[in-house]
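Below is one structure, written out as structure tokens; the observations come after it.
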2 protein chains.
Amino acid sequence: MDESTELLAVRVAELYYEENKTQDEVGALLGITRWKVGRLLTRAREAGIVRIEIIHPRARRLDVERQLRDRFGLKDAVVVPLPTDDEEVNPRVAQAAADYLAAVRPVPRTLGVSWGRTLDEVARLLAPGWTVGVQVVQINGGVSLNSKQGTAAQTAVTIAQKGHGQATLLPIPAILEQVETKRAIERDRAVASVRALGASASAYLYSAGVAGASSVHVDSGYLSESDVDDLVAKGAVGDVVGRYINSAGKIVDSALDERTVGLGLDELRAAEHAIFVVAGDAKHDVARAVVTSGLCSVIVTDEATAHALLEETT
Amino acid sequence: MDESTELLAVRVAELYYEENKTQDEVGALLGITRWKVGRLLTRAREAGIVRIEIIHPRARRLDVERQLRDRFGLKDAVVVPLPTDDEEVNPRVAQAAADYLAAVRPVPRTLGVSWGRTLDEVARLLAPGWTVGVQVVQINGGVSLNSKQGTAAQTAVTIAQKGHGQATLLPIPAILEQVETKRAIERDRAVASVRALGASASAYLYSAGVAGASSVHVDSGYLSESDVDDLVAKGAVGDVVGRYINSAGKIVDSALDERTVGLGLDELRAAEHAIFVVAGDAKHDVARAVVTSGLCSVIVTDEATAHALLEETT
DNA sequence: CCCGTGTCTGCTCATGTGAGCAAGCACTAC
DNA sequence: GTAGTGCTTGCTCACATGAGCAGACACGGG
């Protein structure tokens with residue numbers, strides 16, 4: 001578009017959008033036909049001279065969502081715009097996840113949930129009465145070994161309460177010290193039934209952790225910082241339901257994985273609804289691993305993460 | 001608008017504006033009638049959920065312009081949006097002034113111009129061939145007493161050249177030391193004829209200076225910093241065509257004014273087109289004085305200045 | 001209980017708008 | 001010169017849209 005056309009387009013856009021004149025009136029005013037006015041408006045929108053934005057905490061990025069769906073074969077994707085305040089990213093994504101969960105049809109009767117900071121936030125933001133009679137199952141262990149006890153259970157309980165349902169917890173450590181202990185625990189009748197219930201869930205809601213010192217596993221005392229360093233050295237990008245994966249979505253350390261209680265990744269891959277909630281720049285790598293390896297069928301994330309996923313050269 | 005309606009409005013807005021669906025389709029998708037969709041869209045626009053912006057260096061703020069016209073009884077107003085870069089404000093306003101000048105109808109045959117940094121910029125940005133055969137007259141004295149000679153004359157000459165016309169300069173000091181000298185100079189045949197030509201101009205283009213140490217008068221050596229301090233103490237907010245005025249638009253120091261060569265303020269008030277170009281936060285006070293005292297019939301300014309003028313409680 | 005008042009809803013209908021088309025135009029290759 | 005090519009222009013026509021209206025509905029006062 002050349003200089004003078006552009007100027008004319010601006011003038012047309014001003015009269016049309018700011019003065020609320022009809023294309024006909026604008027045309028008369030500027031001595032051009034209404035068709036030309038229409039065409040100039042189209043071009044102005046395409047060229048970005050006219051920008052139409054939806055400013056709302058819960059607004060979404062539908063174009064990006066479509067790209068994500070197409071690129072990674074997802075059933076659905078929810079992308080929230082980046083708020084100006086970085087602090088707001090997580091709550092926005094959590095809110096979106098909560099909204100999405102409430103809207104899943106058919107309504108999940110049994111919902112498997114993982115735990116962590118992100119899911120805590122989702123539970124907090126979930127609308128009371130989002131469904132009725134849901135059965136919420138904790139899909140990976142998570143009694144904290146230190147002070148911050150109970151958040152793992154709290155997440156599931158909150159989600160269940162708000163959905164007028166019941167929570168089934170998995171009150172055992174996420175990672176055990178000995179494979180034998182893990183095996184023994186899994187043989188326990190009560191634990192086995194929770195695991196079975198978890199495996200039968202019609203939907204899963206989970207997030208991912210970054211492999212690093214800030215990991216909840218370190219925070220909770222399941223792993224030491226050096227353990228995590230080792231995992232990173234082996235290619236770990238982060239964890240999903242307590243299991244550390246590399247960029248290809250494969251288990252990094254099978255010995256460690258053997259000591260990890262909870263739903264297996266393959267069960268997750270086979271799930272009808274595997275809703276993956278992820279937000280923040282630090283999680284781009286894990287997010288990519290999850291998405292490319294088919295661990296989720298639905299992703300709920302922020303715009304920056306979505307773009308990071310899409311920018312990857314295929 | 002309550003919570004759930006708002007959420008629905010966002011959803012509607014997304015589908016309509018981002019997915020380019022028709023209101024009918026959106027309605028079908030969300031299970032509401034297309035009329036409701038239309039109404040929600042209207043409300044979303046009103047509530048600012050949907051924002052339509054025109055992003056262009058030469059875009060204008062027509063709503064603000066109208067308010068300025070109505071409030072101050074101006075013939076016209078041009079308000080340019082604030083660019084993100086502060087450095088850009090002056091050029092944008094100058095460009096707008098140049099565009100406006102080129103578009104004035106009937107085409108001014110004789111144009112009186114003042115001088116200063118702002119007008120220099122306007123002259124620089126004026127499109128070559130903006131008119132033909134214009135007579136440009138310098139309306140206030142302005143041979144600089146120091147190194148930066150010639151800019152005063154340069155402004156008028158550039159405007160004349162680009163309009164394929166002729167410039168008539170007023171190559172005398174802006175402010176003289178003695179009233180007698182000023183009277184003597186005004187009696188000079190050549191000077192008198194320039195003044196007469198200036199008084200007969202069909203349009204004036206001028207800016208304003210701030211009363212302060214950064215004033216061009218101090219810069220050019222006509223006034224000392226202490227002179228300006230005195231003026232400020234007497235209530236001066238700035239100068240217009242070399243004459244210092246207070247917030248009511250009145251001459252602050254009549255003795256000084258008597259020593260100032262050039263067009264009088266009353267001649268400016270009586271002009272058909274008195275185009276006042278002003279930009280920058282520092283000039284809000286002068287701008288207010290000019291606008292409220294009827295010194296201009298047209299104002300060309302930036303958004304911040306315009307808002308400052310309008311925010312004033314009447 | 002009923003009526004007035006204000007808000008919301010779905011409708012008709014006139015008007016606004018964009019897709020698609022054919023003619024016009026500039027520009028190029030031969 | 002002329003035919004070919006791609007772009008712009010004004011148009012027809014079908015569709016999309018908003019103003020305006022009447023009925024439905026909720027709410028509160030008498």
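Letters A, B, ... mirror the listed sequences (proteins, then strands); counts begin at 1.
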In terms of side-chain geometry, is the basic nitrogen of [X] or [Y] positioned less than 4.0 Å from the acidic oxygen of its partner?
X: B:E19; Y: A:R66; answer: yes
X: A:R11; Y: A:E14; answer: yes
X: B:R69; Y: B:D76; answer: yes

message: I'd like to know whether B:I299 forms a side-chain contact (heavy atoms from CB on, under 4.5 Å) with B:T305, so could you lay out the CA-CA distance, the side-chain angles of the two residues, the decisive distance to 0.1 Å, and finally the verdict.
response: CA-CA 11 Å; B:I299 184 174; B:T305 307; 5.5 Å; no

statement: Going 5' to 3' through nucleotides 7-18 of chain D and flagging B where a protein heavy-atom sits under 4.0 Å of the base, S where only the sugar-phosphate is that close, and - otherwise, we get --BBBBB--SBB

message: Please identify the 5'-most and 3'-most nucleotides of DNA chain C with any atom under 4.0 angstrom from a heavy atom of chain A.
response: C:dG16 to C:dG20

Kindly say whether [Y] contributes a backbone atom to a donor-acceptor pair with the side chain of [X] at under 3.5 angstrom?
X: B:K283; Y: B:S207; answer: no
X: B:K36; Y: B:G27; answer: no
X: A:E303; Y: A:L82; answer: yes

Let me check something: any side-chain donor-acceptor pairs from residues 101-114 of chain B under 3.5 Å, sequence neighbours excluded? List them with distances.
unit_1 : atom_1 : unit_2 : atom_2 : d
B:R105 : NH2    : B:A102 : O      : 3.0

- request: Please name all residues satisfying ring-ring contact (aromatic ring centres under 6.0 Å, His included) with A:Y206, sequence neighbours left out, ordered by chain then number.
  value: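 With neighbours one apart ignored, the set is A:F276.
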
query: How sharply is the helix from C:dC1-D:dG30 to C:dC30-D:dG1 bent, taking the axes over five pairs at either end and rounding to 10 degrees?
result: 20°

Side chains of residues 48-56 of chain A: which donor-acceptor partners sit under 3.5 Å, not counting sequence neighbours?
unit_1 : atom_1 : unit_2 : atom_2 : d
A:H56  : ND1    : A:R58  : N      : 2.9
A:H56  : NE2    : B:E6   : OE2    : 2.8

